[in-house]
Amino acid sequence: MSTPARVLVLNSGSSSVKYQLLDMNGGERLATGLVERIGESTSRIAHSPSHGARREHTERIDDHSAALRAAAAELARDGLGLDSPELVAIGHRVVHGGLRFTEPTLIDDKVIAEIERLVPVAPLHNPANLLGIRQARELRPDLPQVAVFDTAFHTTMPEYAARYAIDRATADEHRVRRYGFHGTSHAYVSRKAAELLGRPYEDTNVIVLHLGNGASASAVAGGRCVDTSMGLTPLEGLVMGTRSGDIDPAVVFHLARVAGMEVDAIDELLNKKSGLVGLCGDNDMREIRRRIDEGDDEARLAFDIYTHRLRKYIGAYLAVLGRVDAVVFTAGVGENAAEVREAAVAGLDGLGLAVDPSRNAVRGGGPRLVSPDGARVAVAVIPTDEELEIAQQTFALAGAGESGSEGAHESRREGGRESGRQSAVEGHA
Ligand code: ADP
């Protein structure tokens, strides 16, 4: 029997804290939970132990400190208390690591100060992530705590993919460049794709399509990200639930000059009222498909715009990578919406891409191929698991990674240029 080793993964948002406790000897999820509407009188705590019934209740939770104590109390009820010696580390999701953080990082006061320095580029996320980090350190100051950054996987992008073609001096002064997000998911899924294909990760080229409410594509060559669709903020790239993705930047000037809109209103329009919801009023792909089946033209057009953009990115990344072993769909839409997968590769047979209708129609399950046997490029569905990835990276870095963890691995890359202050709009990735 290997020594019990647990890792707590925390994802702190501005008004919510999501947590998962994982057993690193095999990666079993011992409990998952969510504290939401923090600061309101009707905060909700939902807790699901793996061995036992789900519990949910409403009570006033004033702040992140109280949220973490509430989560700890729920875990303690299942005999999984945070004071247990089996808890070996805490992993935190941190949205923006700029260029400074290219890999998971052990948290100390200096790291906290660096994450703080990146607040101007991630005004919604990094402050909330920091609240979680500070509270967790108060709760267990003795434990190693690790920050795992959404941007880190993308720091390997070559300069010609990361830089916008704008005036260099202005870009450098304000650190305007493409950072990319959802990196933890892109890293996890691209590695799993190599496993599914039975190929060494270092020799596998993958296009990952992370299609959740936020959506991003990445081109991964031998385990290194070489391009991704999100940029300075998560607004760039694919059509998303509520975000426009790529548009002519002059749309912003036009709306300011001709429609007289303020910058904040345009920010809100493009981040919250665009994408699928802007096009047809719904951002849930299930609802959009239901409406299409009833003959709704607005929903049909929204779907076609969404999948046309996907096809364009697949084509672009085929060209970026030259040789592609797999196109992989993941996250809520990517894992569940067979129609999206089919439409995204429709007409690309000439490029070696196709789905097998009966394989594509299979619902649920783990990593699987949906392309026909013998296809030049595999098309796969791989459920993402950002929490497991964060737990594994945390465990590996906390110095416990050698003791029998099934999936513990080092995920390190080189880099480490300095990032600094910048001002930018930001949404939630
Ligand atoms: P996020 O983590 O970005 O909030 P998820 O990865 O959970 O998002 O994806 C949420 C989206 O997945 C929903 O908005 C919905 O459009 C889509 N989705 C979830 N289940 C299904 C399903 N069974 N069929 C089609 N789409 C689905």
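Atoms within each ligand, like the ligands themselves, are counted from 1 in listed order.
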Could you list which atoms of ligand 1 come closer than 4.0 Å to a heavy atom of Asn283? 14 (O), 16 (O)

When only distance counts, is Gly212 in polar contact with ligand 1, meaning an N/O pair under 3.5 Å? no

For Gly214, the atoms of ligand 1 under 4.0 Å from one of its heavy atoms are 3 (O)

Quick one: closest heavy-atom pair of Glu386 and Thr184, and the distance? O-CG2, 3.8 Å

So is Arg289 actually on top of Phe303's ring, under 6.0 Å and inside 45° of the axis? yes

Give a yes/no verdict on whether any heavy atom in Gly241 is under 4.0 Å from an atom of ligand 1. no

Residues His186 and Ser216: side-chain donor-acceptor under 3.5 angstrom: yes

Closest heavy-atom pair, Phe181 versus Thr233, reported as atoms and distance to 0.1 Å, is CE1-C, 3.4 Å

If the condition is salt bridge (charged side-chain N to carboxylate O under 4.0 Å, His left out), which residues does Asp62 pass it with, not counting sequence neighbours? Arg60

Record the part of Thr384 in heavy-atom contact with ligand 1 below 4.0 Å; permitted values are side chain, backbone, both and neither. neither

Please name the pair of heavy atoms, one in Leu139 and one in Ala72, separated by the smallest distance, quoted to 0.1 Å. CD2-CB, 4.5 Å

Residue selection (non-hydrogen contact nearest atom 23 (N) of ligand 1) among Asn336, Leu211, Asn213, Val333: Asn336

Which atoms from ligand 1 have a heavy atom of Ala331 less than 4.0 Å away? 6 (O)

